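Just so we're on the same page: letters track the sequence lines, and every chain starts at 1. Since the model is a prediction, treat every value here as computed from it, not as a measurement.
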Amino acid sequence: FSTFGKNLKWEKNSLTYRIVNYTPDMSAPEVDDSVEKALQVWAKVTPLRFTRIDNGTADIMISFVPQEHGDSYPFDGPGVFLAHAFPPGPGTGGDVHFDEDESFTFSSNTGYILFLVAAHEFGHSLGLSHSYDPGALMYPWYSYNNPDTFVLPRDDVNGIQSLYGPNPDTDGDIDKPEPPTTPDACDSTLVLDAVATLRGEMLFFKDSFFWRSYPQSNTPQQTLITNFWPEAPTHIDAAYESQQSDRVLLFKGRRVWAFSGYDLVRGYPKSISSFGLPKRVKKINAALYDVESAKTLFFVGSSYYSYDEAKKTMDQGFPKRVDQTFSGLTGEVTAAFQYRSYTYIYSGPYMFEYSLSTGRLFRLLNNNYFLRC
Amino acid sequence: CVPVSQVTEQDEHDAESYLKRFFNLTEEKGPTGRRGVSAVSSKLSEMQRFFGLQIAGTLDDDTMTMMKKPRCGVPDTNIAS
């Protein structure tokens, strides 16, 4: 998280807010409710309390305005900027402006959910700047979240409490929902959901995030899966790059999504039975594409299947037991990929390095070996 | 091979506007920095680092795509001033 420095914060815990005007995109009660809920996101974790006034000047003045609107930070029409807000202080301090040219909504998937945009902007009104944590509410990009199940992420809680402290009424309350945290590449207990290559890069998936490791750069870059593939699932089971079709395929439960670049391929998601996997297979644990044979191995429990990418059929003689081919691999496979002719199989917090052609095990490494901790 | 990026003059103009708005890019005066790294290039690297992109200091498809994503209008560099 980051703050605006110079200790820009309110010197009082009771703040007033006023909704100066409304957007035609939503009913007035929907706007009222979205704003109130967005303020409560911050009140829940601090001593801050918010009171609405309908006349005069409030600490936080909220308005919907288009283009140039008098504060020398013009909006850009329907486009990139959704809203902005000012750090705590007198006058425009704390005020929030929504770009009237954007389409706001109460809860549907079409348009930007006003609650989410408002909760972010109120973070600025209270003294938070943007966060580097891609899972934080204070990350600059808008990303969809279900407003009914939203829980303020840990990074944002730490940020706002660094300014105002915890909520004295609920601090220590054991049944309040645990703030979600963003996976840490250097957590030695990290168990990855899936690993795949993508045009020479490596992608490491965990929960709603993935790390992209570029051959030329030192540190893998973490981002939300939906930042790149808005239609993609999170908490996936498996992933692989089909170099045959120049696509990345993501698996979750009985379904598979195929992406070409940023775009979901027409006709996806499909059922995994479309590969010819038996109907009884409810999910796959891992998938890897073998460049040499142009076969894809699907790992299911302690067995694996072989799929011929060229013929688009399952190979005969499968499933085989994993430990029949991969010596020393007795645990469940959690992820797999091939890189520079080596085959890497993840099982729990470990990564096994093999030669697929000989089945020989070279090294036993940590899960975050490629994440360069 | 990865498709050659089609960075147009318009893209460069848009990128400079984005960097001015969000990463405090100021008009370049006089000779570029000692290492010849232009202000635009170092601000591009700053943005690419912030958003988890490949830190190349040059405008590529990924970076242009990310500049078009809906976002908050508050700058990303510390704006205490």
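- A distance of 7.0 Å separates CZ in A/Arg212 from CG in B/Leu53, rounded to the nearest 0.5 Å.
- Residue-level contacts of residues 70-77 of chain A with chain B, in order of numbering, are A/Tyr73, A/Pro74; threshold 4.5 Å between heavy atoms.
- Taking every heavy atom of both residues into account, A/His124 and B/Cys72 meet most closely at NE2-SG, 3.4 Å.
- Between the CZ atom of A/Phe228 and the CG atom of B/Asp62 there is a distance of 5.0 Å, given to the nearest 0.5 Å.
- For A/Phe81 and B/Tyr18, the distance between ring centers is not under 6.0 angstrom.
- In this structure, chain B has a heavy atom under 4.5 Å from the side chain of A/Glu121, while its backbone stays farther away.
- Residue A/Asn227 touches chain B through both its backbone and its side chain, counting heavy-atom pairs closer than 4.5 Å.
- Per-residue counts of heavy-atom pairs under 4.5 Å with chain A were compared for B/Met67, B/Lys69, B/Gln48; the largest is that of B/Lys69.
- Both the backbone and the side chain of B/Phe51 come within contact range of chain A, with heavy atoms under 4.5 Å apart.
- Between the CD atom in A/Glu201 and the CD atom in B/Gln54 there is a gap of 6.5 Å [rounded to 0.5 Å].
- Take B/Arg49 and apply the side chain to side chain donor-acceptor pair (under 3.5 Å) test, not counting sequence neighbours, and it matches no residue.
- Contact annotation for B/Met66: both backbone and side-chain heavy atoms come within less than 4.5 Å of a heavy atom of chain A.
- Residue contact with chain B, scored on non-hydrogen atoms closer than 4.5 Å, involves the side chain of A/Tyr139 exclusively.
- Rounding to the nearest 0.5 Å gives a distance of 7.0 Å between NE2 of A/His130 and CZ of B/Phe50.
- In this structure, no portion of A/Ser143 lies under 4.5 Å from any heavy atom of chain B.
- Here the straight-line distance linking atom CZ of B/Arg71 with atom CH2 of A/Trp141 works out to 9.0 Å at 0.5 Å rounding.
- When the shell of 6.0 Å around CD of B/Glu9 is examined, it contains 12 or fewer heavy atoms from other residues, nucleotides or ligands.
- Residue A/Pro140 touches chain B through both its backbone and its side chain, counting heavy-atom pairs closer than 4.5 Å.
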